[in-house]
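A quick write-up on the structure given underneath.
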Number of protein chains: 6
Amino acid sequence: MASISAVFSILALLNFVCIAFAFDASPLQDFCVADSTGKALCKDPSTVTSNDFFRSGFHLPGNTSNPYGAAVVVASATTVPGLNGLGLTFMRADLALNGFFPPHFHSRATELVVVIEGSLEIGFITSYPSYKYYSKILGKGDVFVVPVGLVHNVRNLANGNSVALVAFNSQNPGITNLPNGLFAAQPEIDNVYLSKAFQLDVNTIKELQKKF
Amino acid sequence: MASISAVFSILALLNFVCIAFAFDASPLQDFCVADSTGKALCKDPSTVTSNDFFRSGFHLPGNTSNPYGAAVVVASATTVPGLNGLGLTFMRADLALNGFFPPHFHSRATELVVVIEGSLEIGFITSYPSYKYYSKILGKGDVFVVPVGLVHNVRNLANGNSVALVAFNSQNPGITNLPNGLFAAQPEIDNVYLSKAFQLDVNTIKELQKKF
Amino acid sequence: MASISAVFSILALLNFVCIAFAFDASPLQDFCVADSTGKALCKDPSTVTSNDFFRSGFHLPGNTSNPYGAAVVVASATTVPGLNGLGLTFMRADLALNGFFPPHFHSRATELVVVIEGSLEIGFITSYPSYKYYSKILGKGDVFVVPVGLVHNVRNLANGNSVALVAFNSQNPGITNLPNGLFAAQPEIDNVYLSKAFQLDVNTIKELQKKF
Amino acid sequence: MASISAVFSILALLNFVCIAFAFDASPLQDFCVADSTGKALCKDPSTVTSNDFFRSGFHLPGNTSNPYGAAVVVASATTVPGLNGLGLTFMRADLALNGFFPPHFHSRATELVVVIEGSLEIGFITSYPSYKYYSKILGKGDVFVVPVGLVHNVRNLANGNSVALVAFNSQNPGITNLPNGLFAAQPEIDNVYLSKAFQLDVNTIKELQKKF
Amino acid sequence: MASISAVFSILALLNFVCIAFAFDASPLQDFCVADSTGKALCKDPSTVTSNDFFRSGFHLPGNTSNPYGAAVVVASATTVPGLNGLGLTFMRADLALNGFFPPHFHSRATELVVVIEGSLEIGFITSYPSYKYYSKILGKGDVFVVPVGLVHNVRNLANGNSVALVAFNSQNPGITNLPNGLFAAQPEIDNVYLSKAFQLDVNTIKELQKKF
Amino acid sequence: MASISAVFSILALLNFVCIAFAFDASPLQDFCVADSTGKALCKDPSTVTSNDFFRSGFHLPGNTSNPYGAAVVVASATTVPGLNGLGLTFMRADLALNGFFPPHFHSRATELVVVIEGSLEIGFITSYPSYKYYSKILGKGDVFVVPVGLVHNVRNLANGNSVALVAFNSQNPGITNLPNGLFAAQPEIDNVYLSKAFQLDVNTIKELQKKF
């Protein structure tokens, strides 16, 4: 799943551009195309082309040959530089037979999922009312919404591949996969603490820390 | 095209709910599901169900039997009440042979379009640099971005139907179709003024005002 | 009208300064005077003078010897560098006999107009309820408000010059003149498409594209 | 000066309307005209008229027969209900011979002043660099900007009346007149404390508290 | 830990008050004291007293007789109604010998902790760079910051009680305790899915779901 | 008191970093640690350490040997670089016997005070309802809230030292001490104007201007 995190996270290094002012409720320009050279904050408008607002390939399946049986292709300010500063990210998610995304959350975006092939179960857990689980099994043409900041699960229920398109209302939604966030963190989180918090014996925690 | 405007515009009457504070950068709750009874601002959380975050039917073509040869199906706070306050709208657009959307703008949202069938030409006109036209012919799997507040055009170039999915980063993007906004406005805009502004003779303006 | 657009638009290149943070509801400094040298984001405060917050000449008529019979003088971050980051633009508009501003919109600001000489008709067209026209004929001392993002018209009804002062609540309101935005766009928008959208024959569209 | 405060302050009771969401950078409707009956948050759009966006009388002098020799007429959501939610306030200020506004600040708006008659001295005091005084003597047609939240002074330097028009980028700028805020506060602020803070003897403080 | 969640979460039902507008960068009033009767959005200002901005008891230890050995006392809009709309929450946290807070995150606030007695280890896990663990052992007078939306851990390392004061920059920070969020969610999350995601056998997952 | 202003104000020069976009309601990264070298906006994440989020010494009294008998120690983006962009400032305030902070306001933050030793009187003056004084005498463990932008007073009522911890919801709250802001401003504010505004004779004003 590391690659999925990476796709989101690589944006973090590009986000130093700014077109907002506290007293302006909107961006201050039509667009601020990310300047890949890093020399300027935005590309000189005279060098901006239609291709800066374009990306192809969302009809092609991603490579799901990984432990999760899952892959994403993303349209973000990294891959579509015209998106810079406009508060939108879009992606295609492929899940192979039995594929899944582990429990995770995006602290900076609401997510809307539409299934275009197969069948997915998607659910989110509220913070209040405490720990209520809202989930649906989605078929082709079904839409489901995951509010910002809530932990959610996604798994493929189809007999073959499933495909979804996903919209996020942030330039950089952020992603924390919970098993990884807890057990793969470096330096390691104290295993006695995790043992008490998860009510698992210390050896099980140590094994989890080795696996992730 | 009136029906397309209507789909967006009906939201306007539902938007009096508030979960934002000037000093909080995020919503103050997990969600605020729109209360269709109008008695409360948000539904009592204990009555919220998974269906409040769900809508089906985005795999089905809309009815394009209208002068534009175009139709939209929308997931918004009106049709997916869980979207209320979360800043996202999503839609499916169908365009029949020769179908089009007239020049229009959304003053409150950036728009991302992905073509899932057929071929569309999409283009937007900048305000600065003045009146530059950025456009692309999109095929299946192609994505294009229209920055917030810019006039844009969409037309079907396929030999048959084209279908696109569209994400907006606002609960209520707003839509002004320019021919209608100018020539269908009631009470009528002074036709001598329009004649001078568009450099068309007054009779042509009068005819346009009759048509729209 | 190009010059009027230009006055607004030139700001676009100066707006890369940033004094806002998502978690701060206000600017983070007393002011951030635009640094005309481009070396720093804000001028060193020790070099800021009272003149950075000052501009003279708003009692002098603009030069209306142009096809529109209209002119503007603007106080913005370009001409009053202390305005940088503070979310306000101000201007004086002069309209000669029969002068007018063509239909246009500002996607980033609400506009308040006060007539100080002569008589103007001002009106805006709503997006919802669809295409309702709200207009007034203003005399000396009359104020009218145009909400953000709505198409509006302005024309002089006086027997001579009219003068208005105008406040915008954005550092860079943005302006799209509709006739120009549609017919002067480069590269040209497909004339068959415009013909269908405006229900005008293709030759009329071609003429319009030549004129603008 | 009480009346000037009052003009601003009365807005405070009308501000419970909401058309903003944390995830929407713009208002969610074309407008939300303040409903004077208090039954609804916004007036039913079908009852909104052009007059909701209009106010007359800004060419007429205010009544300066008060200890300050100063008067204001205000276009705000109270007097121009269409301004509700749009983040702008506008006013005309009249100052008689020797008239003045005592030191005050607006915690919620930047202010732009244009003198249309006479001559005013306007100056503001920074918080950082600490206590630097930026001021100008303005004549007809001169503009000066006072950044949000800074204490500022205004006095008439003309041999007769002076008149200014003033734009604020907030629906409710707020105003605290310092002499009044300190010495007219009820219940009274401890006079020994004020004596130490202002380095004035206690009896002088007591007299000030009686005067204001 | 349920009680700790509850203290935060109960706010969720009170948050329907609104004093923000998209075009105003600040609240529109001095304050909007939460009206406990629910009849109005804000208390009538004439009934507001100094006590609305006050709470006592932050010098008294909380009751840590619970499985976590931890307790919180909170100053929020629920307990200090004057905080309503102002974007701040404050709390005192007591941790008994071996007390801890399980891994959790606040999706709506940055957190600043100052230890006033004892010794605490506090650490947070980043989303990017992926899963880096930043932690410190804090003694008396030490401050540590947890950026918004990141998973963090807190445990008592003192030989006796530890006490911290904590500031959050949101009216309702939100809290999701991860073990509970995952294993106590109702209806239950599919245990085969959790088994795969956490690389634990299904029986271990089932036991965890019973425990939480 | 100059030193207290300075502690806040020095931040002003560091605030040119930006991680906010108008269309993103949250920061775009986990953190943006202030780069003290000034070469980059944020420190390279690979060089960030736990110490960037840490500061010690809040258990130690400040040096109150100054005319105010008051001192502050501050955790801000200057002293805790990890706070950069996160909208929080924290401080410890010590007041010796008879110590006080003169009337002042923070235009960019709400303030929450908790007394941890001694006794303080804290009060704020509203702008509307005009000039009402809300104050409390706080003992150990008492909390009081001062809404953003309001003038407030703080004085020590204990027989010895008092200590408070204070949270602000801004990276740079800003501070204007009123006596200094009025009488220490350079260049000097016209003393005849101040004489009229404060209803004090000109010689008293001149003495005040010498003292401050």
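The structure displayed is predicted, hence computed values, not measured ones. In what follows, every chain begins at residue 1, and chains take the letters A, B, ... in the order their sequences are listed.
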Worksheet entry | Per-residue contacts, residues 111-123 of chain D versus chain C, heavy atoms under 4.5 Å | D:Glu111, D:Leu112, D:Val114, D:Ile116
Practice prompt. Establish, for the pair C:Lys136 and D:Phe54, whether the NZ or CZ atom is under 6.0 angstrom from the six-membered ring centre and no further than 45 degrees off its axis.
Written response: yes
Worksheet item: For chain D, which of C:Leu83, C:Val48, C:Thr126 has the most heavy-atom pairs under 4.5 Å?
Response: C:Val48
Discussion item. Looking only at the aromatic ring of each residue, does the gap between the centers of D:His152 and D:Phe105 stay below 6.0 angstrom?
Written reply: no
Worksheet item: Do the two ring centres, one from C:Tyr134 and one from C:Phe144, sit under 6.0 Å apart?
Response: no
Fill in: Per-residue contact mode, D:Val146 against chain C (heavy atom under 4.5 angstrom)
neither
Discussion item. Looking only at side-chain N and O atoms, does C:Ser170 offer a donor or acceptor that is under 3.5 Å from a partner on C:Asn172?
Written reply: no
Item to complete: Decide whether C:Ser162 and C:Asn156 meet the rule of one side-chain donor and one side-chain acceptor closer than 3.5 Å.
Response: yes
Worksheet item: Quick one: what part of C:Leu138 sits under 4.5 Å from any heavy atom of chain D, side chain, backbone, both or neither?
Response: side chain
Worksheet item: Is the shortest heavy-atom distance from the side chain of C:Tyr133 to the side chain of C:Phe124 under 4.5 Å?
Response: no
Fill in: Chi angles and distances behind the ring-ring contact (aromatic ring centres under 6.0 Å, His included) call for C:Phe168, C:Phe90
CA-CA 6 Å; C:Phe168 300 94; C:Phe90 192 78; 9.0 Å; no
Worksheet entry | Distance (rounded to the nearest 0.5 Å) between C:Phe101 CZ and C:Asn177 CG | 9.5 Å
Worksheet, complete the sentence: Heaviest contributor of heavy-atom pairs below 4.5 Å to chain C, chosen from D:Val143, D:Val145, D:Val80, D:Asp52, is D:Val143
